[in-house]
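Note that the structure is predicted; figures quoted are calculated from it, not measured. Per chain, numbering begins at 1; letters A, B, ... match sequence-line order.
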Amino acid sequence: MPELPEVETIRRDLAPRLEGRRIRAVHIDKPDILLGTDGPEDFKQRIAGARIRRVGRRAKWLLFILDRGVLITQLRMTGRFAVGRGPVPPIEEFRHVAAEFILDDGNTLFYDDVRRLGGFLVLSHAEWESEERRFGPEPLAAGFRARDLAAAIRRGRLPVKNALMDQSRLAGIGNIYASEALYGARIDPTRPAEGLTDEEIRRLHRSLRRILRSSLNRSGTTFSNYRAVNGRSGSFQDLLRVYAKEDVACRRCGTPIRRIVQSGRSTFFCPGCQG
DNA sequence: CTTGTACCCTGACCGC
DNA sequence: TGCGGTCAGGGTACAA
């Protein structure tokens with residue numbers, strides 16, 4: 001569930017607590033969260049003793065830039081972080097702690113993941129540079145214009161909703177913000193991406209950036225699983241217009257919001273005004 | 001190259 | 001009250 005605004009919120013929470021810290025030791029409680037091929041011993045050896053230079057983000061991935069490589073986290077559906085004085089996590093909801101990173105200031109970074117779909121990966125700086133190129137542009141980057149959105153998504157016959165969520169075309173958009181952005185731009189999510197007009201691309205560009213910024217200002221959407229650091233909630237769910245609102249009257253035209261399935265994912269839209 | 005589908009995982013929820 | 005089935009979706013692997 002964490003998409004760009006949620007991961008960026010977590011990054012902002014973690015950065016002041018982690019930047020400059022050294023990782024003294026690592027405990028892996030659930031080894032299947034190690035997404036690389038090598039096991040826990042190799043993982044520990046690669047990061048124990050490393051200093052965290054910076055906490056970054058690319059698409060939906062959280063990055064711990066170390067002095068000797070990059071520790072990458074993919075939260076996927078249910079990954080969460082908390083920071084506190086160990087050995088017990090500071091909040092009770094952490095009942096599925098999968099990894100603990102003990103820092104040199106006495107704090108511990110706890111990673112909790114009920115479903116264990118998320119996890120960690122360590123790459124060298126060079127490997128990360130190469131990996132990073134697989135992602136499309138960041139939609140909130142200062143220079144990201146409507147023409148950049150057109151270049152990113154306006155090709156192929158696949159539905160525009162799927163194009164928005166394709167991380168190699170555009171970075172950071174998932175199921176919630178794809179539906180919300182298309183509603184804001186009044187575009188039918190099933191339309192082939194290559195068929196969007198310049199005017200529709202401009203509306204979508206404006207809608208997408210406005211919604212992402214607005215969500216960021218509210219620390220993201222708290223919907224069942226997502227929490228920022230130490231259990232903190234976001235509030236963008238109060239501003240959702242279509243996501244998870246099947247049968248609710250559209251605020252623009254009163255038509256009931258519909259749910260359809262595209263590539264196995266729920267899409268919510270208004271059949272009345274998204275034409 | 002593009003596009004689609006199965007899979008991973010567990011808790012919440014629903015109908016009986 | 002219990003029980004089985006279904007769903008949630010980010011990312012990857014793999015097939016067509």
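Minimum atom distance to the side chain of Leu117(A) is reached by dC8(B), of the listed dC8(B), dG11(B), dA8(C). Between dT2(B), dG10(C), dG11(C), one nucleotide has an atom nearer to the side chain of Trp61(A) than all others, and that is dG11(C). Side-chain proximity of Arg157(A) to the nucleotides dT3(B), dT10(B), dG10(C) is greatest for dT3(B).
Rounded to whole angstrom, the span from the CD atom of Glu93(A) across to the P atom of dA12(B) amounts to 12 Å. When the C1' atom of dC7(C) is taken as reference, atom CZ of Arg115(A) falls 9 Å away, rounded to whole Å. Atom C1' of nucleotide dG11(C) and atom CG of Leu62(A) are separated by 16 Å, given to the nearest angstrom. Between Gln74(A) atom CD and dG9(C) atom P the separation is 18 Å, expressed in whole Å. The nearest whole Å value for the distance from the CG atom in Asp113(A) to the P atom in dG9(C) is 16 Å. Atom CZ of Arg265(A) and atom C1' of dG4(B) are 12 Å apart (whole Å). Rounded to an integer number of Å, the gap from CG of Asp32(A) to P of dT10(B) is 8 Å.
With contacts defined as side-chain heavy-atom distances shorter than 4.5 Å, the pair Val261(A)/Arg259(A) qualifies.
For the residue pair Thr108(A) / Glu100(A), no side-chain donor-acceptor distance below 3.5 Å is found, with atom types taken as modelled. Side-chain contact of Arg218(A) with Ser214(A): a donor-acceptor pair under 3.5 Å is present, judged by distance alone.
Between Tyr243(A) and dG9(C) there is a side-chain polar atom (N or O) within less than 4.0 angstrom of OP1 or OP2. In this structure, Ser266(A) reaches the dA8(C) phosphate: one of its side-chain N or O atoms is under 4.0 Å from OP1 or OP2.
No donor-acceptor contact under 3.5 Å links the side chain of Arg76(A) to the base of dG9(C). Between the side chain of Arg116(A) and the base of dG11(B), no donor-acceptor pair under 3.5 Å is found.
The aromatic rings of Phe101(A) and Phe43(A) sit perpendicular to each other, their planes meeting at more than 60°, with 30° as the lower class boundary.
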